[in-house]
Structure formats: structure tokens, C-alpha cells
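Chain A is the first sequence line, chain B the second, and so forth, proteins listed ahead of strands; every chain is numbered from 1.
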Amino acid sequence: MKLNKNRMAIEFQKKVYELCKRVPKGRVTTYKAIGDKLRTKAYRAIGTALNKNPYAPKVPCHRVINSNRSVGGFAKGINAKKKLLREEGIFINKHNKVEIKYLFRFK
DNA sequence: CCGTTGACTCTTT
DNA sequence: AAAAGAGCCAACG
């Protein structure tokens, strides 16, 4: 069957945003966890989708970090991201890592 | 249309 | 610990 590429991309973004919105304040998830949930290995594309993030505070994309628990990137700079996380009570250690206890598990 | 880029991840030096 | 290389896929020019 023939797949419409454009439409797939839009669906992809929507799913990424929906998952992201599930992460509670004070917790984090990873690009990998989202990819696993969507059954895709397009981890970079997840970053791409969040980089656009048209739904600024509504989609808490600052709660998405790297699989190795380092903070990762952010459209407005990683300092802004770290600040937002700290404001939610998330401790970032000396090696720029987030403690495991903050990781949110999708059900 | 096609090549490059990037908020990534995994494996292998 | 750190870097290189491969794989992945949407966005951009």
C-alpha cells in the first residue's frame, strides 16, 4: 500500500507531543523512551519535533532528556532547560546527569 | 528532488 | 572517560 509521507510526519509529531504531555511535573523521560513507545528508532526525529514545539508551555518538552540521563538540548539553550528542571525540584548532578529517581515510566 | 543537518542512541575503539 | 561511526527519520534549502 502507498503511504503518504507528509501525513505520517504530522501523526508522528502529534504522538510525540501527546506522550510528552503525560510526563508529570518534577519527573523526566527520555527521547529513547518516547521512541520505544512509538516503536520507532527515529530518536533524532523526536528531538526535531520537540525543537519546533509550537505548544510552548502546554507541551513540557524540557522534561525530555538523553537516554544516558544527561540533560540534552533545548531550543532556548540548555541553561534554560536546566533552570526549568531545577524549578521543578529536579536535581542535576555535577556531571550534568539527572538522577534515576526522577525518571517517569510510561504505562 | 536530493543532500545535509540535528534537542539521539548504540556499539566500538 | 571520551570520541568515532553507524543507523534512524523529519525538516530545510
Each nucleotide of nucleotides 6-11 of chain C classed B (base within 4.0 Å of a protein heavy atom), S (only sugar-phosphate) or -, in 5' to 3' order, makes -BBBSS
side-chain hydrogen bond (donor to acceptor under 3.5 Å, both in side chains) evaluation trace for Asn68(A) with Lys97(A):
CA-CA 8 Å; Asn68(A) 66 4; Lys97(A) 300 282 174 102; 5.0 Å; no
Kindly write out the residues that satisfy salt bridge (charged side-chain N to carboxylate O under 4.0 Å, His left out) with Glu18(A), not counting sequence neighbours, or none if the list is empty.
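Checked Glu18(A) against salt bridge (charged side-chain N to carboxylate O under 4.0 Å, His left out); matches are Lys21(A).
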I'd like the P distance from dA7(B) over to dG7(C), given in whole Å.
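Each nucleotide's P atom is 22 Å from the other's.
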Once you apply a heavy-atom cut-off of 4.0 Å, does Asn51(A) come out as touching a base, just sugar-phosphate, or nothing?
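Asn51(A): base contact, heavy atoms under 4.0 Å.
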What closest approach, in Å, do Gly89(A) and Tyr102(A) show between heavy atoms, and which atom pair accounts for it?
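Gly89(A) and Tyr102(A) have their closest heavy atoms at O-OH, 3.5 Å.
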State plainly whether the residues Arg63(A) and Glu88(A) are in salt-bridge range, i.e. N to O under 4.0 Å.
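Salt bridge between Arg63(A) and Glu88(A), a charged N being under 4.0 Å from a carboxylate O: yes.
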Residues Lys83(A) and Glu87(A) bridged, charged N to O under 4.0 Å
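Yes.
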I'd like to know if Leu19(A) and Tyr17(A) are part of one continuous hydrophobic network [Ile/Leu/Val/Met/Phe/Trp/Tyr, side-chain heavy atoms within less than 4.5 Å].
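They do share one cluster, since a chain of ILVMFWY contacts under 4.5 Å joins Tyr17(A) to Leu19(A).
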Hey, what do you get for CD1 (Ile65(A)) to CG (Leu85(A)), rounding to the nearest 0.5 Å?
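Those atoms lie 8.0 Å apart.
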Earliest and latest nucleotide of DNA chain B, 5' to 3', sitting under 4.0 Å from a non-hydrogen atom of chain A?
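Taking any atom under 4.0 Å from a heavy atom of chain A, the span is dG6(B) to dC10(B).
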Starting at the 5' end of DNA chain B, which residue's closest nucleotide do you reach first, Gly47(A) or Lys32(A)?
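Looking at the nearest nucleotide for each, Gly47(A) comes out on the 5' side.
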Under 3.5 Å, is there a donor-acceptor pair between the Asn96(A) and Lys82(A) side chains?
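Per modelled atom types, Asn96(A) and Lys82(A) side chains form a pair under 3.5 Å.
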Please state how far atom NZ in Lys94(A) lies from atom P in dA1(C), giving the value in whole angstrom units.
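That distance rounds to 15 Å.
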